[in-house]
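The next block holds one structure in the form of structure tokens; read it before the comments.
The model shown is predicted, which means the values in this text are computed figures rather than measured ones. The basis for the numbers below is simple: all heavy atoms, side chains too, and nothing from hydrogens, waters or symmetry mates. By convention in this document, chain letters (A, B, ...) are assigned in the order of the sequence lines, proteins followed by strands, and residues within each chain are numbered from 1.
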Amino acid sequence: MSRYSAAEIEPKWQKAWEDANVFKAPLAQDLRDSDKPKYYVLEMFPYPSGRIHIGHVRNYTMGDVIARYKLSTGHNVLHPMGFDAFGMPAENAAMANGGHPKDWTYSNIDTMVAQMKPLGFGLDWSRMFATCDPEYYGQQQALFLDFLAKDLVYRKNAVVNWDPVDMTVLANEQVENGRGWRSGAEVERRELTQWFFKISDYSEELLEALDTLDNWPAKVKLMQANWIGRSRGLQFAFSTVNAPEHFDRIDVYTTRPDTLAGASFVGISPDHPLAKELEAGSAEVAAFCAEARRGGTTEEAIEKAEKMGFDTGIRVRHPFDTAWELPVYIANFILMDYGTGAIFGCPGHDQRDHDFAKKYDLPIVETFAPLEGEIDIQAAPFVPAKTEKVRYTRLIAGEEEQTGEEAVNAAVDFCESNGVGHGVTKFRLRDWGLSRQRYWGCPIPVVHCPDCGVVPEKKENLPIQLPYDEDGTPIDFSIPGNPLDRHPSWRDCACPECGQPAKRETDTMDTFVDSSWYYTRFTAPHATTPTDMAEAAYWMNVDQYIGGIEHAILHLLYSRFFSRAMQITGHLPESAKEPFDALFTQGMVTHAIYQTRNAEGRPVYHYPEEVTLRDGKGYLEDGREVEIIPSAKMSKSKNNVVDPVQIIQQYGADTARWFVLSDSPPERDVEWTASGAEAASKHLARVWRLAAELDADAPADATEDTALLREMHKAIHDVTLGVESFGFNASIARLYAFTNAVQKSKAGAEAKRTATRALAQLMSPMTPHLAEEMWQILGGEGLVAHAPWPVADEAMLVDDVVTLPIQINGKRRAEIDVPADMDKAEVEKLALAHHAVIKALDGATPKKVIVVPGRIVNVVI
RNA sequence: GCCCGCGUGGUGGAAUGGUAGACACAGAGGACUUAAAAUCCUCAGGCUUUAGCCGUGCGAGUUCGAGUCUCGCCGCGGGCACCA
């Protein structure tokens, strides 16, 4: 081979790894004598959308760098891959193009595996599974039954997006501007009986345990803490006037009892029992409640909807002044799921309440004011941080001047001692609703019996499999709704308890359930129970989990709940309570969007390969200029997805891997550029030539050899540090510099061979095929994948002389070279003797001289 | 609307509170070549030129010293419980 050819090299080494079983993780039962530590690295598994995406390449390359590095530092490594295969897109595809979600999904998986294999990831493919495999979801059903037995699951009512035209439940993403995406009908919020996991029982635990997650990003822990949302407040009851029977009290919860003297109304949710009672007796109330329930269920939709209230005519007495009566409104912005579904409004110190008071002409009363300055409470609410000290003008308890926090505590104590309610701690976290009215998910293994009620399936009947057809007729996905619901031969069954005719639950599970325990299943993917305790005990926890920041809250929080629930039900050891020891959240790969507009002004999107770039402007083949929207998240509908398969075919896997790791820090988004891939490819060819064209006759040269070996040890040190701290871009920049050093070095053949072999090893986690090839050319023993990682010699890292910048008043004016170990006084003397300093001082004495050894000198004049 | 991030040359980006722009891309100039490709070498933040001034989204502040810390804005991105 006369030049670098990825097409020749890559398949060869992939076969060599496979033949040597390099990446097959051992079984725990075979490791009794192994003194190697274990290492479990996992990237969030993909949804089988059909083709891999350059973002997948980036994500899995990062994991692969870690996996290969850990292998070469003497670990037993588990690095598996699977597919998060249930979910809506498969059903949508079946709806749009016919076919069956199962066929669509498995065909996509085949394609994606075929696209991933050429990338040379060090994965243990023998452990692969998809969550839609009956073998997997059957064990998930077993878990559900175990959770049910331990009271970790229950049923209650909850609201869903209801499309009144299609008569179906919609996902949030199927609601566009409050309307159903297919029917265009205004969506309403409707209650259904659904299954829930009792995650809220673990609110405190999940919150407290965040402190133990030392290797998680602080921002993720903060987001989870805010999501769980512990608050201290006062729960108390207003007594009512003119209310229907059994409603002589309205319980409210407030985090601001210190503003009780500024209350001007009480608001209740349209789903509050009192609202429902009134709704039943009044067409007017019913009309308002229907109006209030319009729109989607997301918190965002509810927050952004115009605030509306309905005066019920009912009044409540203020707890501290029974002559003072407040109106009771039904309001569309109050959630039944949080607190008691009822609040009191304090327009003086809350923007939303202020808007509401303005709209319905309610009094706005100030309870506290800033320490200094004037405010107009009628014009705008005064909402300072709770930690800020303010002056109370209508004081409930405590000092006149105190912080909001202090005032809340004082008010709670005061109210308690006066028999008005009690202080309570509440959490924002709600129970996890897992029922989905859809086909392509894990069936919930229960049966509804007219006599016995809700009956769990017997474990020996698992898996309850999804039907593929209906007595030989393909299932029809062209009509909205859940096909399981209209599938009599699947739905009708015998009650597992009494044997009488009964009906299966037709709801399936939220796909978050599938992804909440897959990481445990990888430790024993074919066990006949959800986990094999011996394997789980050995391989858990995941030492390094890698995935997108978009999963910071839900997926990770649900997984943390599941690992606890699995421990309670005997499927995981106590030590796996927190399943992910370290978490890394990587950024997205973005690409410019190229668009023109059609006659109606609607955007038309063009593929990157259709566009020629000149002077920062883009043109189509016919010469028309395109509008360039920079750095957008890759999305099929915008035609800005870069297909990695093309890159791999053109340049090879190592180039693709090298490119996605270079330049951008892994946690940040990266912009895909074609020129970047080209440059990466050129560099790899240069590195290959270093090994292939090494001059075997070059004589040794003591000075040059030492200089090069020093560079080598520094590179080993820096690259290793980069790999260990997810600074892959830094490692690569360092490898560029080291490559330059090797290339320019006049060292002898032996030193150059040593340095180049180290270069191959340092590159091996990123460009493993090239590294193997170089290793072979340079006479390395066996596979570089098996070679122990090089260790830097500390003695070679220290320079004898350092360059110190000299600042005058914080601005760099000169620099001096001094021995690294020179003491401060000597350095100061040298600095002050420098002509630039003498000139600046102009005979005066410096006010101050700061010497930071090895860093800087600052002379203050 | 609420929660969490991010913002540095033409571009991607580097920088334990200590020389802002490492390392690359694109660019310019040169070498080699009949020519091109490939490769190699040199230059390169901006404005002025013996030297200096301005520069890390904007405005304040802390500090001997701020891209980095604090406060207030602006812009962009992620999440908001049925997208995964």
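We find that CD of A:Glu300 is positioned 15 Å from C1' of B:rC4, with the value rounded to whole Å.
Using a 90° window around 0 for the glycosidic torsion, B:rG10 falls outside it and is classed as anti.
You'll find the ring centres of A:Tyr137 and A:Phe86 inside the 6.0 Å limit. Aromatic ring centroids of A:Phe738 and A:Tyr736 lie 6.0 Å or more apart.
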Can you give me the N/O atom pairs linking the protein to nucleotides 52-55 of chain B at distances under 3.5 Å, or say none if there are none?
none

Protein-nucleic acid N or O pairs under 3.5 Å, nucleotides 82-84 of chain B:
residue	atom	partner	partner atom	Å
B:rC82	OP2	A:Arg436	NH2	2.7
B:rC82	O4'	A:Arg436	NE	3.1
B:rC82	O4'	A:Arg436	NH2	3.3
B:rC82	O3'	A:Asn172	N	3.2
B:rC82	O2'	A:Asn172	N	2.6
B:rC82	O2'	A:Asn172	OD1	3.4
B:rC82	O2	A:Arg438	NH2	2.0
B:rC82	N4	A:Gln194	OE1	3.3
B:rC82	N4	A:Ser435	O	3.4
B:rC82	N4	A:Gln437	OE1	2.9
B:rC83	OP2	A:Asn172	N	3.3
B:rC83	OP2	A:Glu173	N	2.8
B:rC83	O4'	A:Glu173	OE1	3.2
B:rA84	OP1	A:Met88	N	3.1
B:rA84	OP2	A:Thr511	OG1	3.3
B:rA84	O3'	A:Asp84	OD2	2.8

Under 3.5 Å, which N/O atoms of the protein pair with N/O atoms of nucleotides 14-17 of chain B?
residue	atom	partner	partner atom	Å
B:rA14	OP1	A:Asn729	ND2	3.1
B:rU16	O4	A:Arg855	NE	3.3

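When the side-chain nitrogen and oxygen atoms of A:Asn858 are compared with OP1 and OP2 of B:rU19, none of them lie within a distance under 4.0 Å.
Each of A:Val220 and A:Lys682 has a nearest nucleotide on RNA chain B; the 5'-most of these lies closest to A:Val220. Both A:Asn740 and A:Asn226 sit near RNA chain B, but only A:Asn226 has its closest nucleotide nearer the 5' end.
Using a 4.0 Å cut-off between charged side-chain N and carboxylate O, A:Arg428 and A:Glu299 make a salt bridge. A salt bridge links A:Lys304 with A:Glu300; the closest basic N to acidic carboxylate O contact falls under 4.0 Å. Salt bridge annotation for A:Glu306-A:Lys359: present, with a cationic side-chain nitrogen under 4.0 angstrom from a carboxylate oxygen.
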Whether each nucleotide of nucleotides 40-49 of chain B has a protein heavy atom under 4.0 Å at its base (B), only at its sugar-phosphate (S) or at neither (-) is summarised, 5' to 3', as SS--------
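Across the C1' atoms, B:rU42 and B:rU50 are found 24 Å apart, a figure rounded to whole Å.
Taking a pair as Watson-Crick or G-U wobble with both distances under 3.5 Å, the runs of three or more consecutive pairs in RNA chain B are B:1-7 with B:74-80, B:10-12 with B:23-25, B:27-31 with B:39-43, B:45-47 with B:52-54, B:57-61 with B:69-73.
Which of B:rG78, B:rC80, B:rC4 sits closest to the side chain of A:Ile549 comes down to B:rG78.
Under the 30°/60° scheme for interplanar angles, the aromatic rings of A:His555 and A:Phe512 are found to lie parallel.
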Please step through ring pair (Phe, Tyr, Trp, His ring centres under 6.0 Å) for the pair A:Trp517 and A:Tyr136, ending with a clear verdict. CA-CA 10 Å; A:Trp517 71 287; A:Tyr136 181 80; 4.5 Å; yes
Tell me, with the steps shown, if A:Phe356 and A:Phe333 meet ring pair (Phe, Tyr, Trp, His ring centres under 6.0 Å). CA-CA 10 Å; A:Phe356 194 82; A:Phe333 55 85; 5.5 Å; yes
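Once rounded to the nearest 0.5 Å, the distance linking CZ of A:Phe427 with CD1 of A:Ile199 reads 12.5 Å.
Looking at every heavy atom in both residues, A:Ser725 comes nearest to A:Leu721 through OG-O, 2.8 Å.
By the 6.0 Å and 45° rule, A:Lys156 stacks over the aromatic ring of A:Phe196.
Partners of A:His56 under the ring pair (Phe, Tyr, Trp, His ring centres under 6.0 Å) rule, at least two apart in sequence or in another chain, are A:His53, A:Tyr60.
With A:Ser435 as the partner, the side chain to side chain contact (heavy atoms under 4.5 Å, CB included) test is satisfied by one option alone out of A:Leu192, A:Thr506, A:Ile444: A:Ile444. The side-chain hydrogen bond (donor to acceptor under 3.5 Å, both in side chains) test with A:Arg436 singles out one residue from A:Thr511, A:Thr508, A:Asp510, and that residue is A:Asp510.
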